[in-house]
Amino acid sequence: MTLTTVQVAVDNATIHFDKLYSYRIPDALLGRVWPGSMVLVPFGRGDKPRMAVVLRVEELDAGAAPKRLKMLHDAAPEQTRLTPDLLELVHFLKDRTFCTWFEAVKAVIPYGAQYRAAVVDGKPVMQSRLSRSTERVYTLTGELPQKPKPGPRQKAAVEALRKGPLTAHQLDEVGISKTTLDTLCEKGVLSVAEQDKALDLFADIPYEPQPITLAPEQQRAFAALAPDLEDGKPHAALLHGVTGSGKTIVFLKLIERTLELGRKAIVLVPEISLTPQMIRRLKSTFGSRLAVQHSALNNTERLLQWRLIQQGHADIVVGTRSAIFAPLQNIGLIIMDEEQEHTYQSESAPRYDAHDVAKKRAAMENSLLVFASATPMTETYHAAESGKYKLLTLTQRYGGRPLPQVDFIDMRAELAAGNPREVSTRMIRELQENLENGEQSILLLNRRGYHTVAMCASCGHVLKCPNCSVPLVYHKPQQALMCHHCGHIVRPLPQLCPECGGKLNYSGFGTQRVEEELAELLPGARILRMDQDSTNQKNAHETMLAQFGRQEYDILLGTQMVAKGLDFEKVTLVGVLGIDSLLFGQGFRAYESVFSLVTQVIGRGGRAALPGRALIQTTVPNHPVLQLAAAQDYEAFYREEIAFRKFGLYPPFCAFCVVGFVGAAEGTVAMAAHRFGTLLAERAAQHPQIPLRLLGPAPMGITMLNGKYRYKLTLKCRNNAAFRSLLQETLDAYAQEKLPQKASVILDFNSDGDL
Ligand SMILES: Nc1ncnc2c1ncn2[C@@H]1O[C@H](COP(=O)(O)OP(=O)(O)OP(=O)(O)O)[C@@H](O)[C@H]1O
Ligand SMILES: [Zn+2]
């Protein structure tokens, strides 16, 4: 006799304790459980119900099966299971990022498609996280009987439905209630069915395909990529084009070809703020078979879009990082726009890099993967240069338009001349000039809030968050000090030092402060501030950018979200404020980030008929990174950067892995880091062929976050199977250690210093 058993990974495991557990399938569930099925299992000593995912189904000889196997409680319907593709991605994430199985599962399917444990009539069952993603649809199926005499509402309902089925919501809007509809169903006049809510998120975007005519350089890039799209094999390429060179136009052409070939495309953008513009372009060119996946959708919208993709109703998926997991079949093309953006790396478990997942998917699906940017990541450019990716270069702006003219404003001179403000006299003058010419301006300041530091004038004490070792930031609308990490709020606004009673000085400036200065100095200017605080309403990005596009504002002032990807024809002046502190940031990517940010924002100007100019306010105008960004000279920057990476041994010349230790007591955390380092070093010594340099332990830059202490080990290594198994052995050994208290361990291969 054989027995069907399953091996499952359970929810709420830890990375040092995430094994597979075996269960039996009860008769009632036989034939309903597959690899990738979501199930509910009794778990642990108390047999508490817990969610799990099936990774293996096995037929065992009854004699060979482990004794006293527990039974599954429940299983989700078959159509909701993870498809083999998604399951393969789960395995990939688990292997590469050291997350738990279930964390990987939650990353590949949206919240709305997940289940939770519940108890109904005393029995453990699983329930769908979302229950309101469907709606009732009514169809006319018979004639209205004339006896007893039907009421006016019943007649109205039947009349309304003569033209075709309608949803409960549509009927409600014309005053027909559920009671009326129920009665008509009972009489057999109507039938009712549940269907996924129909939701056209882009109904207002017209379908207006324009013929795409490529400029010669664009045509060359397209022609070089087309064969890689057509041969049905996996390929990767980097499309490196200066700002405004028309990379998006090349995407459109590639997508057009992909659809002609009967295949589908995923387009990734780094931020929600860039989705509306991309959706607009794609929908107007290709029509409606478009779906989107990003975190600004509510759970129902997100689930419905996901199902639409799953059911084969979308040809193009647009979205941020997680859209790389879209359940799209037959993917011919994957585009990753602005591929240098750090938002492509997840900062919570699973800590994956969408570049890696995209490569994996392109390999699974035989697709062409295109990374695109004016300022690619050093690693990406290196891979392209050394022939791993095909390199396509667009050296010119479309239509031969010039790159913006860039000037520096030396803020030391500004201060010496007695201007205490954050915005220089010259900047104001040029903004004024733009205003008079009816042209628009973009100002970048990558710090939100009003004042960024509150310091005691007597003792120098800086007000910090009690939970995080970072200064608190003054937010004017709330009249409060706020922590940008944990959200802690101090109100009313302190005037005196809590240490010595001295007077507090507020200094350092953020977007709120600059907005106020601009309003004072440029009366009449219509200023739009865009930062995390001003965009937390649903669709805020979309609304604001559309308003700016319609020229309802003169100046767009914002954080990094205004720096890239945007294409507004009337923008002729770009100003960069408060960039210096970033130049002296921690982490080996600091220069790359500043170069990219400044180059990108400068590139927002002069993209159409009017020429652009940019002004950079700084105290270090001769800084080579700023000079290179001003010249928009990516190649020269790359030469410098790659030499530095080689000399200091940083990626791409090694993999850089940060092992973080987090816990409530500093001593415990430091001890855990130390112990883990020893365990790793012992194991590494037995495998001298595996290259490894181990640095630390050391406290992280932000030592305390959310009330927890944080230490780290830094590993320079090669991220291959041999090394990962060494790390896994170390994790297992650490799990066995008899330490009085343990710290949680976090592994991150994307970090450039801290977590
Ligand atoms: N072949 C073309 N035909 C018509 N317009 C074009 C063409 N190529 C580029 N443009 C226009 O030039 C502008 C810049 O193009 P696009 O936004 O694609 O640049 P990009 O390379 O993505 O720049 P960035 O990296 O700065 O975001 C757009 O307004 C675009 O419509
Ligand atoms: Zn905090």
Side-chain angles (χ1 to χ4, degrees), residues 209-222 238-256 267 269-271 273-274 277-278 280-282 284-285 335-341 370-376 392-404 442 449 463-473 480-490 545 549 561-571 574 596-610 612 614 629 632 634 702-710:
Q210 308 280 337
I212 307 170
T213 321
L214 297 181
E217 253 190 347
Q218 298 170 344
Q219 177 58 34
R220 275 197 292 280
F222 172 71
L238 168 62
L239 178 59
H240 174 222
V242 295
T243 55
S245 53
K247 294 181 285 293
T248 325
I249 308 294
V250 179
F251 301 164
L252 295 182
K253 201 78 185 168
L254 287 169
I255 295 169
E256 183 184 70
V267 182
V269 293
E271 298 206 22
S273 60
L274 293 180
Q277 179 176 302
M278 189 61 86
R280 199 158 279 280
R281 273 251 166 95
L282 292 172
S284 62
T285 314
I335 290 170
M336 197 167 177
D337 196 12
E338 309 293 355
E339 67 86 34
Q340 79 285 358
E341 287 300 314
V370 179
F371 297 116
S373 177
T375 55
L392 292 316
T393 312
L394 305 177
T395 57
Q396 303 205 348
R397 281 196 157 182
Y398 176 67
R401 285 159 196 152
L403 285 165
I442 292 183
L463 264 63
K464 290 193 170 167
C465 173
N467 313 317
C468 310
S469 40
V470 296
L472 290 164
V473 176
L481 289 178
M482 293 165 74
C483 172
H484 282 185
H485 291 273
C486 72
H488 180 81
I489 293 187
V490 179
L545 292 174
M561 62 179 77
V562 304
K564 62 203 153 259
L566 302 176
D567 187 45
F568 296 113
E569 54 178 358
K570 282 280 182 179
V571 174
V574 169
S596 166
L597 186 64
V598 175
T599 308
Q600 292 284 350
V601 76
I602 291 174
R604 294 316 102 205
R607 295 168 71 89
L610 303 164
Q632 305 256 303
Y634 177 80
I702 299 178
T703 311
M704 191 162 73
L705 195 67
N706 292 312
K708 299 252 171 79
Y709 287 92
R710 306 167 352 124

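Just so you know, ligand 1 is whichever comes first in the structure, and atom 1 is the first atom listed for that ligand.
- Those atoms of ligand 1 with a heavy atom of Asp567 less than 4.0 angstrom away are 13 (C), 14 (C), 17 (O), 28 (C), 29 (O).
- In this structure, the side chains of Ile702 and His485 come closer than 4.5 Å at one or more pairs of heavy atoms.
- Inclusion of Arg281 in the set of residues having an N or O under 3.5 Å from an N or O of ligand 1 is warranted.
- The proximity of Glu569 to ligand 1, defined as any non-hydrogen pair under 4.0 Å, does not occur for either the backbone or the side chain.
- When only interatomic distances are considered, the shortest N/O to N/O separation between Ala374 and ligand 1 does not fall below 3.5 Å.
- What sits closest to atom 22 (O) of ligand 1 on the protein, heavy atoms only, is Thr248 OG1, 3.1 Å.
- Under the side chain to side chain donor-acceptor pair (under 3.5 Å) criterion, the residue pairs touching residues 600-609 are Glu338-Gln600, Thr375-Gln600, Asp567-Arg607, Gln600-Arg604, with sequence neighbours excluded.
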Under 3.5 Å donor-acceptor pairs involving side-chain atoms of residues 245-254, not counting sequence neighbours:
unit_1, atom_1, unit_2, atom_2, d
Ser245, OG, Val242, O, 2.7
Lys247, NZ, Gly241, O, 2.7
Lys247, NZ, Val242, O, 3.4

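- For Arg280, there are no side chain to side chain donor-acceptor pair (under 3.5 Å) partners at least two apart in sequence or on another chain.
- The Arg604 neighbourhood of ligand 1 comprises atoms 24 (P), 26 (O), 27 (O), with distances under 4.0 Å to a heavy atom of that residue.
- Within the 4.0 Å heavy-atom criterion, both parts of Thr243, backbone and side chain, lie near ligand 1.
- Not one N or O of Gly603 is nearer than 3.5 Å to an N or O of ligand 1, by distance alone.
- Using a 4.0 angstrom heavy-atom cutoff, Gly565 counts as in contact with ligand 1.
- The closest approach between any non-hydrogen atom of Glu338 and ligand 1 is below 4.0 Å.
- Which parts of ligand 1 touch Lys247 is read off a 4.0 Å heavy-atom cut-off, strictly below it: atoms 18 (O), 19 (O), 20 (P), 21 (O), 22 (O), 23 (O), 24 (P), 25 (O).
- Residues Ser596 and Gln340 form a side-chain contact, since some pair of their non-hydrogen atoms from C-beta on lies under 4.5 Å apart.
- Only backbone heavy atoms of Thr213 (N, CA, C or O) come within less than 4.0 Å of ligand 1; its side chain stays farther off.
- Here Gln218 has side-chain heavy atoms under 4.0 Å from ligand 1, and that is the only part of it that gets that close.
- Those atoms of ligand 1 that come under 4.0 Å of a heavy atom in Gly244, given as number and element, are 14 (C), 19 (O), 20 (P), 21 (O), 23 (O), 24 (P), 26 (O).
- Tally of protein N, O or S atoms closer to the Zn ion (ligand 2) than 2.8 Å: 4.
- Counting protein heavy atoms only, atom 17 (O) of ligand 1 is closest to Arg607 NH2, 3.0 Å.
- The closest approach between any non-hydrogen atom of Ser245 and ligand 1 is below 4.0 Å.
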